[in-house]
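The block underneath contains the structure these notes are about, expressed in structure tokens.
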Amino acid sequence: SRDLTRLDVAVAKASGPADGVRRILALYQPAGEASGWTIWVDAWAESLREPEMRAMSRQLDLRWKDVLAEQIRRGNESGVFT
């Protein structure tokens, strides 16, 4: 929930699609708060064995991908990306 809130805030502050993509990728990479990434790696491993964890992991992953895809779509439509 906290990561998704940070994602929403980062995209809301973006000056445009390119900045939005940069902000999303900056949040997604394991810089700074390494302990958060340890939890994600453990959760991904657990999702291989536990259906509930798999469903939750899939839902979170799709949300990140949807937000990124939206920025790319906006960039394509506006001519920022080709």
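Here the structure is a predicted model, which is why all the values come from computation and not from measurement.
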(message) If the condition is ring-ring contact (aromatic ring centres under 6.0 Å, His included), which residues does Trp44 pass it with, not counting sequence neighbours?
(response) Trp37, Trp40
(message) Strictly by salt bridge (Lys or Arg N to Asp or Glu O under 4.0 Å), give each pair with a member in residues 19-28 just once, sequence neighbours left out.
(response) Asp19-Arg23
(message) Glu50: which residues meet the side chain to side chain donor-acceptor pair (under 3.5 Å) condition with it, sequence neighbours left out?
(response) none
(message) I'd like to know if the side chain of Ser78 and the backbone of Arg74 have a donor-acceptor N/O pair within less than 3.5 Å.
(response) yes
(request) Would you kindly confirm whether Leu62 and Val21 end up in one hydrophobic cluster when ILVMFWY residues are joined by side chain heavy atoms under 4.5 Å apart? (result) no
(request) Would you please name every residue forming a side chain to side chain donor-acceptor pair (under 3.5 Å) with Asp61, sequence neighbours left out? (result) Lys65
(request) Would you please name every residue forming a side chain to side chain donor-acceptor pair (under 3.5 Å) with Arg63, sequence neighbours left out? (result) Asp8
(request) Kindly write out the residues that satisfy side chain to side chain contact (heavy atoms under 4.5 Å, CB included) with Ile24, not counting sequence neighbours, or none if the list is empty. (result) Leu7, Val11, Trp64, Val67, Leu68, Gln71
(message) Going by side chain to side chain donor-acceptor pair (under 3.5 Å), name the residues that satisfy it together with Glu77, two or more places apart in sequence or in a different chain.
(response) Arg73
(message) I'd like to know if Val9 and Leu27 are part of one continuous hydrophobic network [Ile/Leu/Val/Met/Phe/Trp/Tyr, side-chain heavy atoms within less than 4.5 Å].
(response) no
(message) Test of understanding: clusters of I, L, V, M, F, W, Y form through side-chain heavy atoms closer than 4.5 Å, transitively. Do Met56 and Leu48 belong to the same one?
(response) no
